[in-house]
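To start, the structure itself, in C-alpha cells.
Just so you know, these numbers come straight off a predicted model, no measurement behind them.
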Amino acid sequence: PTAACTLPFRHPSKILDAGYLRDGSALFTASQDGQLFIWKVANGDRQWANKLPGGISEVEAYGDGVVVLSEDRRTLTVVDETAQRPLTQGTAEAVQVFASHEREIAWMTTENKLYIMSEPGAAVRSVEMPSETTVPTALTWLPGEDSMIALGWESGHVAVYAAQESEMPRWVVQAHRASVKHLEPHA
C-alpha cells in the first residue's frame with residue numbers, strides 16, 4: 001500500500017495558474033479571486049500573498065517574483081515580495097501573449113505590436129510587426145547568449161527577433177498552413 005500525501009498549499013477559490021520561481025525554491029499559485037501566493041517548496045509555508053485588483057488571467061516567473069496578466073488582459077504587473085509595479089495600465093490594446101526570460105519581458109498585443117522591456121524599470125520598446133502576420137498566438141524566449149524571441153501567428157507565420165537589435169525581425173517564414181499554437185525552444 002502507498003501512503004497518501006497531502007500538500008499544505010491552499011487557496012480560498014479555484015487555482016488558475018501555478019509554477020516555480022526561477023531559483024526553484026518557491027512555488028507560485030494564482031486563484032480566480034485575484035490572490036497570488038508564493039509558497040516555500042521545502043515545507044509548504046506561505047512566504048507572501050498579494051491581491052491583484054484587476055484579477056488574474058496568467059502568471060509567469062520573472063526575476064525574484066512573477067509577472068501577472070490581468071483578467072481583462074490589459075494590465076501586466078510585476079509582483080515580488082516588496083511591490084506591485086504595473087508595466088501596462090489598462091491600455092486600449094489587449095495583451096495576446098507574453099513571456100519572460102531572466103530579467104526581460106516581451107508581450108504582443110491584439111493590435112500586433114511587440115513590446116520588449118530589457119530589465120525592470122527600463123524603457124519599453126515597441127516594434128511594429130510585418131504586414132503579412134495576423135493575430136499573435138505564441139511567444140517564447142530562446143536560450144543562449146543573445147536575447148532572442150520567437151513569435152507565432154494565427155496565419156502560420158513564425159519569426160525570430162533579436163531583442164536588443166533595432167533591425168527586426170531576423171527572419172519571418174510561412175511555417176505552417178494553420179495557426180501556431182505553441183513555441184518551445186529546443187537545445
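Annotation: the span from W107 atom CH2 to I149 atom CD1 amounts to 10.5 Å, rounded to 0.5 Å. Taking CG from L27 and CD from Q47, the interatomic distance works out to 10.5 Å, rounded to the nearest 0.5 Å. Rounded to the nearest 0.5 Å, atoms OH (Y20) and CD1 (I38) are 12.5 Å apart. Rounded to the nearest 0.5 angstrom, I56 CD1 and K51 NZ are separated by 8.0 Å. The structure places CG of L139 at 11.5 Å from CD1 of I105, a figure rounded to the nearest 0.5 Å.
In this structure, D64 has no side-chain hydrogen bond (donor to acceptor under 3.5 Å, both in side chains) partners at least two apart in sequence or on a different chain. Under the salt bridge (Lys or Arg N to Asp or Glu O under 4.0 Å) criterion, E60 pairs with no residue at all, not counting sequence neighbours. In this structure, F28 has no ring-ring contact (aromatic ring centres under 6.0 Å, His included) partners at least two apart in sequence or on a different chain.
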Quiz item: When you look at T77 and V67, which way does the side chain to side chain contact (heavy atoms under 4.5 Å, CB included) test go after all the steps?
Solution: CA-CA 6 Å; T77 304; V67 61; over 6 Å; no
Quiz item: side chain to side chain contact (heavy atoms under 4.5 Å, CB included) between F98 and L76: does it pass, once the steps are laid out?
Solution: CA-CA 9 Å; F98 77 101; L76 275 170; 4.1 Å; yes
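Residues S179 and T137 share a closest heavy-atom pair of OG-CG2, 3.5 Å. Smallest separation of non-hydrogen atoms from S13 and Q32: OG-N, 3.6 Å.
Side-chain N/O atoms of R46 and T29 include no donor and acceptor closer than 3.5 Å.
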